[in-house]
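A short worksheet on the structure shown next.
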Amino acid sequence: MMKSLLRAVLCALLLMAGAVSAPYAGPAVAAQVPAPAAGAGGAGTWTPPLSTRGRYIVDAQGNRFRLRSGNWDGAQGSWNGSGDRNDPATHHSGQNAHGIPIGLDRVPLPTLLADFRALGLNSIRLPFSNEMLRDSVPVPDAAVAANPALRGRTPLQVYDAVVAALTDAGFAVILNNHTVTTRWCCGLDGNERWNSGRSTAQWADDWVFLARRYRDNPRVVGADLYNEVRRDFFDDPNWGLGDDHDWHAAAQEAADRILIEANPNLLIVVEGINWFGLPVDGFPHGRPTLTPVRTLSHTLVTSNKLVYSAHFYGYTGPRHSGATGIGETSDLRYQDMTAAELEQTLYDQAFFVSAETGTHVTAPVWISEFGIGADETGAAPRTWFDRLTGYLTRSDADFAYWPLVGWSADAQGNPGGDSWALLRYDAAGRRSGVLDPGDWRTARWSPLATTPGRTGPVPATPAWYQLTTDHRDHNASLRTRATGDWDSGARKAVCPDGARLAGLAHTGGRGLCTTSDLRAPTGGHTVVRDERYVPGGGDWATGYTKFQCPGGQFLIGYSLRGERVSAALCAPARTALPGGGRTLWFDRGDNRPPGGPGGDFGYGNHKGQCLPTEYAAGIAFTTRAATRPSPAALLCRPLPGPDARQQGVRG
């Protein structure tokens, strides 16, 4: 009855019906897209692939690569969900994109790319729908009238051609799974979640297919996993509950599959949660964005590939859906905030991830959607746009404007079409927008696009990784995965290759890893399930069970059965390791280094963490009655000289 009530309330509020896609049938096989010619330029000099160092994205030479991006939409769909799909009036802003990047009917590709370059862009976020991947019907000739070489191609083949043209011109391309069905989002439209109408595994299958399709094109640099995850009629997405609506777990699964099965060079872009609850005063609701990352971040099987993403529009708010009339609440919109309130909210919802360096949450933050209309006259939204673009400039943020391309009815940009587009083209291909006189946004866009920000080499710094065994294994090591299940039936956590275990939580199953060159390049690992490696006279936790690594090895993982420690996983070091050390107890309170390097990796639980100049060599716990059998102490030993000086820094 409650679900029926919720459905009725939502129907009344949002006045939309969800369209759910057909079950997954597997994408058709298509030819690989060739890599761009060596030395292709046009969007700046940079060397793929891209990766991350702390809060920055860097190229293969270690130089900062700031994403100055635009969203070239259309392939995700433009139909509003009702009426004749052939009638432009049933499409967003009267623009029928025919399921391909918009504007190909009006402007030749070389002209579009030249205009993108003139905007100061170096990268394009390129949305697509899952439905597009298996659409075998060629697009109408009229949809590619300005690019006749694309006639007779399916939407995916047109998408291929656009990707090739962009990358040949030197742009970085980030693939964005925007929708499930090829229709406009984002309400109750069948595109609410990554697994609307399909399983998480089937969704990940699509990602593996597309990542493989472009893996020989090094300027396809990223996979933006899913756009604006939000509530459907009945259910909310969540971050870490372990069910089939767990976005944190789904993103981890898809990311690891992409990196293992398709392309280890791709950046993985994870958005936060865009909406939960009912937009009614008195009911729980809101836009968490990236706030859950503070307590539960991602650790991928390929390190230095994670980017977090958030969207901000003035007419929405942290708890405001953006609706007017039905569905509108009394909550504050971003455009209603003072400058100080807006900056604090941006920090709390997204920018803490990049600002709080040296923690497990630290990653680049990409504001991959924001925008406003060229015809906007309201003081509040204009002021919001001023403040947001100013904040993005001052914080040296990565960004992507929405949308990049739209239609207009005449060369002056009106009437009709999408007034939000940075570049607008009439039926004859004549341009209007921020590159031309009269667009009020130009004065705000230009400083954002042209202010240099940080450039040049970004030095390597220690990275920190959170492990979680909340609901499943968390094996972030490719080397360990290759050897099979090392403790069948237990929940297992293993640090990424090139990292060592630094800390454990007393309860909750969380762990903390840090980068290290300590592991030997060859050799397997040792599973420790008893005290055989505790030497005589070396009892470092009297009365407790001690799982200690053999001499010359260090901790990279652990396993649990319920709360009880099941095993320790140790790896051989590339150099001799000092013995001795100290016992670090954390069963009755936190015991972590000053300053908390790595951040709070187990909120609400006691935690123990060796110093950055130490390695962990053992786990102690008790099985006494009425006592938790969870980790209670670590054996911390000094790192060998060079490792102690570097404190785990790995280039």
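Looking only at distances, no side-chain donor or acceptor of T179 sits under 3.5 Å from a matching main-chain atom of T182. Remark: side-chain polar atoms of S368 are not paired, donor with acceptor, to backbone N or O of S309 under 3.5 angstrom. Between the R66 side chain and the A397 main chain, a donor and an acceptor come within less than 3.5 Å of each other. Put simply, the side chain of Q466 gets close to the backbone of T295: a donor and an acceptor are under 3.5 Å apart. With E271 contributing its side chain and E228 its backbone, the two residues share a donor-acceptor pair below 3.5 Å. Between the side chain of N147 and the backbone N or O of V107, at least one donor-acceptor pair lies under 3.5 Å. Although no hydrogens or angles enter the test, the distance criterion places no donor-acceptor pair under 3.5 Å between the side chain of N71 and the main chain of P403. Using modelled atom types, no side-chain atom of H98 and backbone atom of G74 make a donor-acceptor pair closer than 3.5 Å. Not one N or O on the side chain of H248 forms a donor-acceptor pair closer than 3.5 Å with the backbone of G240. Side-chain atoms of T451 do not come within 3.5 Å of backbone N or O of L448 as any donor-acceptor pair.
With F370 as reference, Y401 is the one residue of F312, Y315, Y401, Y391 to meet the ring pair (Phe, Tyr, Trp, His ring centres under 6.0 Å) rule. Each of R257, R198, R212 was compared with D206 under the salt bridge (Lys or Arg N to Asp or Glu O under 4.0 Å) criterion, and only R198 meets it. Evaluated for a side-chain contact (heavy atoms from CB on, under 4.5 Å) with T167, the options V162, V221, N217 yield exactly one hit, N217. No option in T200, D232, D236 other than D232 meets the side-chain hydrogen bond (donor to acceptor under 3.5 Å, both in side chains) test with R193.
Looking at heavy atoms from C-beta onward, D135 lies out of side-chain contact with L156 at the 4.5 angstrom threshold. A 4.5 Å side-chain heavy-atom check between L126 and I174 finds every atom pair outside the cut-off. Annotation: side chain of C513 is not in contact with side chain of W464 (no heavy-atom distance under 4.5 Å). Between Y308 and P364, the closest side-chain pair of non-hydrogen atoms is not below 4.5 Å. Using a 4.5 Å heavy-atom threshold, the side chains of P381 and Q335 count as touching. For the pair T52 and K305, the minimum side-chain heavy-atom distance is 4.5 Å or more. The side-chain heavy atoms of T515 and T461, taken from C-beta on, include no pair separated by under 4.5 Å. When side chains are defined from C-beta on, F352 counts as touching R294, because their heavy atoms get closer than 4.5 Å.
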Would N63 and T455 count as a side-chain contact (heavy atoms from CB on, under 4.5 Å) if you check the C-alpha gap in whole Å, the side-chain angles of each, and the deciding distance to 0.1 Å?
-> CA-CA 7 Å; N63 294 315; T455 60; over 6 Å; no

Determine, stepwise, if the pair D205 / V208 fulfils side-chain contact (heavy atoms from CB on, under 4.5 Å).
-> CA-CA 5 Å; D205 286 344; V208 169; 5.7 Å; no

Should W207 and Y214 be marked as a ring pair (Phe, Tyr, Trp, His ring centres under 6.0 Å) after you check the CA-CA gap, both sets of side-chain angles, and the distance that decides it?
-> CA-CA 11 Å; W207 259 121; Y214 302 122; 10.0 Å; no

Could you walk me through whether W366 and D224 pass the side chain to side chain donor-acceptor pair (under 3.5 Å) test, one step at a time?
-> CA-CA 10 Å; W366 186 31; D224 184 348; over 6 Å; no

Criterion side chain to side chain donor-acceptor pair (under 3.5 Å) on N191 and T181, from CA distance to verdict = CA-CA 7 Å; N191 295 313; T181 63; 3.2 Å; yes

Residues R441, E376; criterion salt bridge (charged side-chain N to carboxylate O under 4.0 Å, His left out); working and verdict | CA-CA 10 Å; R441 300 170 300 173; E376 179 61 67; over 6 Å; no

Start with the C-alpha gap between L210 and F128, add the side-chain angles, then the distance that decides, and say whether side-chain contact (heavy atoms from CB on, under 4.5 Å) holds.
-> CA-CA 10 Å; L210 201 62; F128 69 90; 3.4 Å; yes

May I have the step-by-step check of side-chain contact (heavy atoms from CB on, under 4.5 Å) for V58 and L50, ending in yes or no?
-> CA-CA 6 Å; V58 297; L50 301 182; over 6 Å; no

Could you go step by step and tell me if R213 and D160 meet the salt bridge (charged side-chain N to carboxylate O under 4.0 Å, His left out) rule?
-> CA-CA 9 Å; R213 188 179 186 89; D160 288 343; 2.5 Å; yes

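One finds the CG atom of N265 at 13.0 Å from the CD1 atom of I258 (value rounded to the nearest 0.5 Å). Distance check: N122 CG to F116 CZ gives 13.0 Å after rounding to the nearest 0.5 Å. For the atom pair CD1 (I100) and OG (S78), the distance works out to 10.0 Å, reported to the nearest 0.5 Å. Taken to the nearest 0.5 Å, the CG atom of L121 stands 10.5 Å off from the CG atom of D115. The distance from the OG atom of S129 to the CG atom of N227 is 12.0 Å, given to the nearest 0.5 Å. Annotation: the span from H360 atom NE2 to L467 atom CG amounts to 11.0 Å, rounded to 0.5 Å.
No hydrogens or angles considered: nothing links the side chains of N274 and Y226 as a donor-acceptor pair under 3.5 Å. Donor-acceptor pairing under 3.5 Å is recorded for the side chains of W203 and N177. Defined by atom type and a distance below 3.5 Å, a donor-acceptor pair is missing between the side-chain atoms of S136 and T154. Between the side chains of N475 and R481, no donor N or O sits under 3.5 Å from an acceptor N or O. Side chains of N176 and H178: a donor on one and an acceptor on the other come within 3.5 Å.
Nearest heavy atoms, P237 versus I273: CG-CG2, 3.8 Å. For V353 against V361, the heavy-atom pair with the smallest separation is CG1-O, 3.1 Å. Of all the heavy atoms in P496 and T299, the pair that sits closest is CG-CG2, 3.6 Å. Across A251 and V270, no two heavy atoms sit closer than the pair CB-CG1, 4.0 Å.
Cation-pi geometry between R68 and F399 is not satisfied (NZ or CZ under 6.0 Å from the ring centre, within 45° of the ring normal). In this structure, R125 is not positioned above the aromatic face of W72 in the sense of NZ or CZ being under 6.0 Å from the six-membered ring centre and within 45° of the axis.
Aromatic rings from H92 and W407 are positioned such that their centres are separated by 6.0 Å or more. Centroid-to-centroid, the aromatic rings of W247 and W194 come within less than 6.0 Å. The ring of W46 has its center closer than 6.0 angstrom to the ring center of F65.
Note on ring orientation: taking the six-membered ring where Trp is involved, the planes of H298 and W239 are perpendicular (angle over 60°, cut-offs 30° and 60°).
A salt bridge is absent between R64 and D59: the closest approach of a Lys/Arg side-chain nitrogen to an acidic carboxylate oxygen does not fall below 4.0 angstrom. In this structure, R454 does not pair ionically with D396, as no charged nitrogen and carboxylate oxygen lie closer than 4.0 Å.
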